[in-house]
Amino acid sequence: MGQCVTKCKNPTSSLGSKSGDKESGSKSHHKKGGSAGCGHKEEPGAPCSKASSDLSNGTKALDVTVETPVIPAAMGEPRRDECLDGDGLSMLRIDELFRCYKDEQEDAILEEGMEMFCNDLCVDPAEFRVLVLAWKFQAATMCKFTRKEFVEGCKAIQADSLEGICSRFPVMMLDARGEENFKDLYRFTFQFGLDADEGQRSLQREIAIALWRLVFTQDSPAILEHWLDFLSENPSSIRGISRDTWNMFLNFTQAIGPDLSNYSEDEAWPSLFDTFVEWELERRKREEEQALTAKEEEGRCTETECSPTTDRLETEGSRGSQTWGGH
């Protein structure tokens, strides 16, 4: 879910596209929610409203009363028939909220429902907050929440409505900053990025790059962009990122200084790190040489520009002396 933009087939369809096919699919999905009251439905006004119209022959049609249910699952309003757990959460509202977005065939929130869920939370599926939410829900797969993950996740963050989930984001973001919590989030992100259906054991290079940028949103290490440049510029030699490489990179950012001077190939680093350090040091050396060359050329240009000016001044001074001498 956190990287639906990278992984899912059509991640932005329900967020920006208004194609007829997608709309028809959305309507059927909304209907699935039934009386649960989903956030993407129109907000109710008064509990009941009357609709009337005049027929073409001038007679008035019968008044029709339309019952509009209040939205307890989305708005977080208590209901008389609901039972609260020890933390004051309504299991009924959590279940209703889940059914708002669940797939019609599978008892889980899938890609389309996930996009609607994120849209109703006013978050982008590819932003860091959604990754943190998936971590709190302990989601096993991108773009999917099982019923158990959703229910247990809502209980973990103590929220039973869209409003409640939104209000927990600041606390969740703060939790993710803790050293041990971030380490857990970081390791979760690797598993989250794997395609469980295909039995993947390593991350695709493009997925790994996107997830590294995402997971380091709040505190990006100085070496990160150079590491990602290295991965991008060497596609033929880097097909995938193993779990060991992923986990050790966090240790690398914490143990190795920005100048890489304390890195040693004799230590138990993955071989890919050896290649990266060699590549990065060579890149820095080239940059230093290019900067030095540019500085020398600038100095030579300055000397060349000054010489004609001096000669011209001397010539003009000589001519002036001859003129004065002539008088």
Side-chain angles (χ1 to χ4, degrees), residues 1-11 14 29 32 89 91 94-95 97-121 123-160 162 164-165 168-169 172-173 175-176 178 180-217 240-250:
M1 180 173 63
Q3 275 298 317
C4 282
V5 166
T6 304
K7 183 168 182 175
C8 292
K9 296 178 181 178
N10 192 9
S14 68
H29 192 97
K32 185 70 178 177
L89 298 178
M91 296 300 101
I94 293 176
D95 180 71
L97 189 59
F98 173 78
R99 287 190 289 112
C100 282
Y101 305 102
K102 75 177 290 293
D103 184 70
E104 294 184 357
Q105 305 299 325
E106 187 175 345
D107 194 32
I109 299 174
L110 303 183
E111 179 185 346
E112 183 181 343
M114 194 68 74
E115 291 166 8
M116 293 176 183
F117 180 54
C118 291
N119 192 34
D120 290 344
L121 288 173
V123 295
D124 189 310
E127 70 174 272
F128 181 65
R129 285 185 295 177
V130 181
L131 175 64
V132 173
L133 183 64
W135 168 56
K136 288 292 186 180
F137 281 22
Q138 287 299 292
T141 308
M142 283 185 180
C143 307
K144 180 178 180 180
F145 281 153
T146 64
R147 178 183 291 272
K148 181 179 180 181
E149 289 169 350
F150 189 87
V151 172
E152 294 301 319
C154 285
K155 290 167 65 177
I157 66 174
Q158 298 187 351
D160 54 16
L162 292 174
I165 294 173
R168 298 297 187 272
F169 276 130
M172 289 189 284
M173 297 288 281
D175 285 346
E180 291 302 317
N181 284 343
F182 180 75
K183 183 183 294 185
D184 187 62
L185 169 63
Y186 182 83
R187 294 187 174 184
F188 162 85
T189 302
F190 177 87
Q191 185 64 40
F192 186 60
L194 298 177
D195 192 329
D197 295 335
E198 296 184 4
Q200 286 184 343
R201 301 183 64 180
S202 62
L203 287 176
Q204 297 178 20
R205 184 174 56 90
E206 296 82 1
I207 297 292
I209 290 173
L211 288 178
W212 258 314
R213 280 204 173 95
L214 185 66
V215 76
F216 281 115
T217 295
I241 300 299
S242 67
R243 186 185 300 272
D244 181 58
T245 298
W246 176 274
N247 290 340
M248 290 297 287
F249 182 71
L250 180 60

Open item on the list: Determine whether Val123 and Phe169 satisfy the following criterion, side-chain contact (heavy atoms from CB on, under 4.5 Å), listing intermediate values before the conclusion.
Closed with: CA-CA 11 Å; Val123 295; Phe169 276 130; 4.0 Å; yes
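- Here Phe216 and Phe182 bring their ring centres to under 6.0 angstrom of each other.
- Between Leu162 and Leu97, some side-chain heavy-atom pair lies under the 4.5 Å cut-off.
- Side chains of Ile207 and Gln200 form no contact here, defined as non-hydrogen atoms less than 4.5 Å apart.
- Within the model, atoms CD of Glu152 and CZ of Phe145 stand 13.5 Å from one another, a figure rounded to the nearest 0.5 Å.
- With rounding to the nearest 0.5 Å, the separation of CG in Leu131 from CG in Leu211 is 7.5 Å.
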- [ ] Please lay out, stage by stage, how Leu185 and Phe128 fare under the test side-chain contact (heavy atoms from CB on, under 4.5 Å).
- [x] CA-CA 11 Å; Leu185 169 63; Phe128 181 65; 3.9 Å; yes
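- With rounding to the nearest 0.5 angstrom, the CD1 atom of Ile209 is 13.5 Å from the CG atom of Leu214.
- Residues satisfying the salt bridge (charged side-chain N to carboxylate O under 4.0 Å, His left out) test with Arg129, not counting sequence neighbours, are Glu127.
- Listed here is the closest heavy atom pair of Gly164 and Ala159: C-CB, 3.6 Å.
- In this structure, Leu194 and Leu203 have side chains that are in contact, with non-hydrogen atoms separated by less than 4.5 Å.
- For the pair Leu89 and Lys155, the tightest heavy-atom approach, listed with the atom from each and the gap, is CD1-CA, 3.7 Å.
- Contact record, Val130 with Cys118: CG1-SG, 4.1 Å, taken as the closest heavy-atom pair.
- Checked against Lys144 for a salt bridge (Lys or Arg N to Asp or Glu O under 4.0 Å), the options Glu149, Glu106, Glu111 give a single hit: Glu106.
- Here Phe150 and Phe117 bring their ring centres to under 6.0 angstrom of each other.
- Of all heavy-atom pairs spanning Ile165 and Cys154, the tightest one is CD1-SG, 4.4 Å.
- Of all non-hydrogen atoms in Phe192 and Ala139, the two that sit nearest each other are CD1-O, 3.6 Å.
- Checking side-chain atoms of Asn181 against main-chain N and O of Asp175 turns up a donor-acceptor pair under 3.5 Å.
- No side-chain heavy atom of Arg243 sits under 4.5 Å from any side-chain heavy atom of Arg187.
- Residues Thr189 and Trp212 are not in side-chain contact: their nearest non-hydrogen atoms beyond the backbone lie 4.5 Å or more apart.
- If you run side-chain contact (heavy atoms from CB on, under 4.5 Å) between Lys102 and each of Gln105, Arg99, Glu104, only Arg99 comes through.
- Rounded to the nearest 0.5 Å, atoms CE (Met142) and CG (Asp195) are 9.5 Å apart.
- Among residues two or more places apart in sequence or in another chain, the side-chain hydrogen bond (donor to acceptor under 3.5 Å, both in side chains) test is passed with Asp107 by Arg147.
- In this structure, Asn119 and Glu115 have side chains that are not in contact, with every pair of non-hydrogen atoms separated by 4.5 Å or more.
- In this structure the side chain of Asp120 reaches within 4.5 angstrom of the side chain of Tyr101, judged on heavy atoms.
- Taken from CE in Met114 to OG1 in Thr141, the straight-line distance is 9.5 Å, to the nearest 0.5 Å.
- Side-chain contact between Leu133 and Leu121 is present, with at least one heavy-atom pair separated by less than 4.5 Å.
- A donor-acceptor contact closer than 3.5 angstrom is absent between the side chains of Trp135 and Tyr186.
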